[in-house]
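All chains are named by letter (A, B, ...) in the order of the sequence lines, taking the proteins before the strands, and each is independently numbered beginning at 1.
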There are 2 protein chains.
Amino acid sequence: MTTPRERYRAQVRAEIKEKAWEQIAASGAPGLSLNAIAKQLGMTGPALYRYFASRDELITELIREAYGSLETAVDAAGETGPAGLAGALRTWALADRQRYFLMYGTPVPGYHAPEDTRETARRIMARLVAACAQAGPGAEARALRFWTRLHGVLSLELAGHFAGMDLDPAELYAAEVRSLEQPELP
Amino acid sequence: MTTPRERYRAQVRAEIKEKAWEQIAASGAPGLSLNAIAKQLGMTGPALYRYFASRDELITELIREAYGSLETAVDAAGETGPAGLAGALRTWALADRQRYFLMYGTPVPGYHAPEDTRETARRIMARLVAACAQAGPGAEARALRFWTRLHGVLSLELAGHFAGMDLDPAELYAAEVRSLEQPELP
DNA sequence: AGCTTCAGTGATAGGGTCTAACGCATGACG
DNA sequence: CGTCATGCGTTAGACCCTATCACTGAAGCT
């Protein structure tokens, strides 16, 4: 049973995170400003500290959400095999590139992700291994290659490094997916 | 012929960039502070604006330097073929991970790299294509795979995503290098 | 009805970027 | 060699930011 206070609190927390996502999409994580969020919600800056202990904690919470949403996206791909999973990953990433970079982008020296996101990461990896198991032997190694190769194409595409290169990122991505379906020579 | 003024100016600019690199290595690009740099050099914050028009311009200059240093690293690898080039890339990246992420990390929405760094990037890519040409047909496609696959492993390693996974990043990297040496099935 | 809890406020400290006006030394030049 | 302009570095200040603190007032609870 939730009290009215708790419901209100959850509501405001959700609104803060929503505005935070908008700001991050617009100007990246370093551009996120608690003051600006508060203003958008019609309150003053310090009020937000009722809901998040610090700016870092808010960002950590967003990272948590990002991991969670990737997990549900991967789960939703279900038993569609490696190719289906790869497709789901790409559409998920393209839906919000800054969300992708929040997880896989430039690390902040000294920052360590909380343990629960690392657990989520492990679960996602397990899903990946399971999907690769039905495509041949050596599921772990296959899943690892899957991850690194797709991340390679995806992160470069999302960062805009293919701009002006007369190249279709989707095709490049698809080619890597195909490369993962055939067995690797030692 | 350089005047004393010019020499002094170049010297101070170099010192600023040196301290900037130290700060970036220690706390990432968002943590770079002109005030802190000025203090380290024994002057006050505004003095730095004699040397760089803005914080962004200083960072842009560092990005330029990063591209330049990667180009010289790649050039130094010379005619050692794809494998040698891959090794040079990895040691260059490991030498300063934040430098790598300055080039290939999270992009800032709205920021566009200056044209000369894009030219440097093209030259580096040309080197890569040349190295791949001696390893078989389809040099461009091969070079592209080379780039995306190595970046995939390297960026995940540098960001610490392999931590606690009981896995040797160097071996993973080497495996990808091997994968690039064999011809790809369509 | 009274009391407690807590959301939101303004004030304040301390940091950042960046502009503007000002002293002052140094190099340039007649 | 003396004069003068160039330009380096300063302080002051505008305007951001995060974060803390004491306080007010309303809402919920007993």
Side-chain angles (χ1 to χ4, degrees), chain A residues 1-63 98 102 106 108-111, chain B residues 1-63 98 102 106 108-111:
Chain A
M1 189 50 196
T2 65
T3 69
R5 279 251 164 95
E6 282 172 341
R7 267 176 291 156
Y8 178 79
R9 198 178 163 74
Q11 162 82 13
V12 176
R13 267 182 76 98
E15 285 174 14
I16 292 171
K17 288 193 278 185
E18 191 187 323
K19 297 295 180 190
W21 278 120
E22 289 173 14
Q23 276 198 18
I24 284 184
S27 44
L32 187 146
S33 154
L34 296 187
N35 267 344
I37 293 173
K39 205 160 290 178
Q40 283 185 322
L41 296 181
M43 26 189 197
T44 61
L48 294 203
Y49 288 83
R50 294 275 171 203
Y51 301 94
F52 295 94
S54 68
R55 182 179 177 277
D56 274 14
E57 209 200 74
L58 171 56
I59 293 181
T60 298
E61 183 64 28
L62 297 181
I63 294 176
Q98 286 295 327
L102 219 45
T106 308
V108 177
Y111 176 85
Chain B
M1 189 52 195
T2 66
T3 69
R5 279 253 164 92
E6 281 172 342
R7 265 176 292 157
Y8 178 78
R9 195 176 168 75
Q11 162 81 11
V12 176
R13 268 182 74 99
E15 284 174 13
I16 293 171
K17 288 193 278 185
E18 191 187 323
K19 298 294 180 191
W21 278 120
E22 288 172 15
Q23 277 198 17
I24 284 184
S27 44
L32 186 145
S33 154
L34 296 186
N35 267 345
I37 293 173
K39 206 161 289 178
Q40 283 185 320
L41 296 181
M43 24 188 201
T44 60
L48 295 202
Y49 288 83
R50 294 276 173 205
Y51 301 94
F52 296 94
S54 70
R55 191 185 112 100
D56 274 14
E57 209 201 74
L58 170 56
I59 293 183
T60 297
E61 183 64 29
L62 297 181
I63 294 176
Q98 287 294 328
L102 219 46
T106 307
V108 177
Y111 178 84

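Note: OH (B/Tyr49) to P (C/dC22) measures 21 Å, nearest angstrom. One can place CD1 of B/Ile37 at 15 Å from C1' of C/dG15, the figure rounded to the nearest angstrom. The CE-P distance, from A/Met43 to D/dT24, rounds to 21 Å in whole Å. Separating the NZ atom of A/Lys39 from the P atom of D/dC16 is a distance of 7 Å, rounded to the nearest angstrom. Taking atom CD of residue B/Glu15 and atom C1' of nucleotide D/dC8, one finds them 14 Å apart after rounding to whole Å. A straight line from CZ of A/Phe52 to P of D/dT18 spans 14 Å, rounded to a whole angstrom. The distance from atom CZ of B/Arg7 to atom C1' of D/dG7 is 17 Å, rounded to the nearest whole Å. The CD atom of A/Gln40 sits 12 Å away from the P atom of D/dC17 (whole-angstrom rounding).
Candidate nucleotides D/dC29, C/dT17, D/dT18 were compared by shortest atom distance to the side chain of B/Arg55, and C/dT17 ranks first. Which of D/dC17, D/dT11, C/dG8 sits closest to the side chain of A/Ala36 comes down to D/dC17. Closest to the side chain of A/Tyr8, out of D/dT20, D/dG9, C/dA7, is C/dA7. Among the nucleotides C/dA7, D/dC29, D/dT18, the one closest to any side-chain atom of A/Arg9 is C/dA7. Closest contact between the side chain of B/Pro46 and the listed nucleotides D/dT18, D/dT10, C/dG8 involves D/dT10.
Comparing A/Gly42 and B/Ala53 by the nucleotide of DNA chain C that holds the closest heavy atom to each, the one mapping nearer the 5' end is A/Gly42. Nucleotides of DNA chain D nearest to A/Leu34 and B/Gly45 differ in position, and the one nearer the 5' end is that of B/Gly45.
The base of D/dG9 sits with one of its N or O atoms less than 3.5 Å from a complementary donor or acceptor on the side chain of B/Arg50. The base of C/dA7 does not come close enough to the side chain of A/Arg5 for any donor and acceptor atom to sit less than 3.5 Å apart.
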Candidate pair B/Tyr111 and B/Thr60, rule side-chain hydrogen bond (donor to acceptor under 3.5 Å, both in side chains), full reasoning
CA-CA 10 Å; B/Tyr111 178 84; B/Thr60 297; 3.0 Å; yes

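Within 4.0 Å (heavy atoms only), A/Leu41 reaches no atom of the nucleic acid at all. Contact annotation for A/Ser33: backbone-only contact, meaning every heavy-atom pair under 4.0 Å involves sugar-phosphate atoms and none involves a base. B/Tyr51 comes within contact range of the sugar-phosphate backbone alone, with a heavy-atom separation under 4.0 Å but no base atom that close.
Listed pair A/Asn35 / D/dT18 meets the phosphate criterion, a side-chain N or O lying under 4.0 Å from OP1 or OP2.
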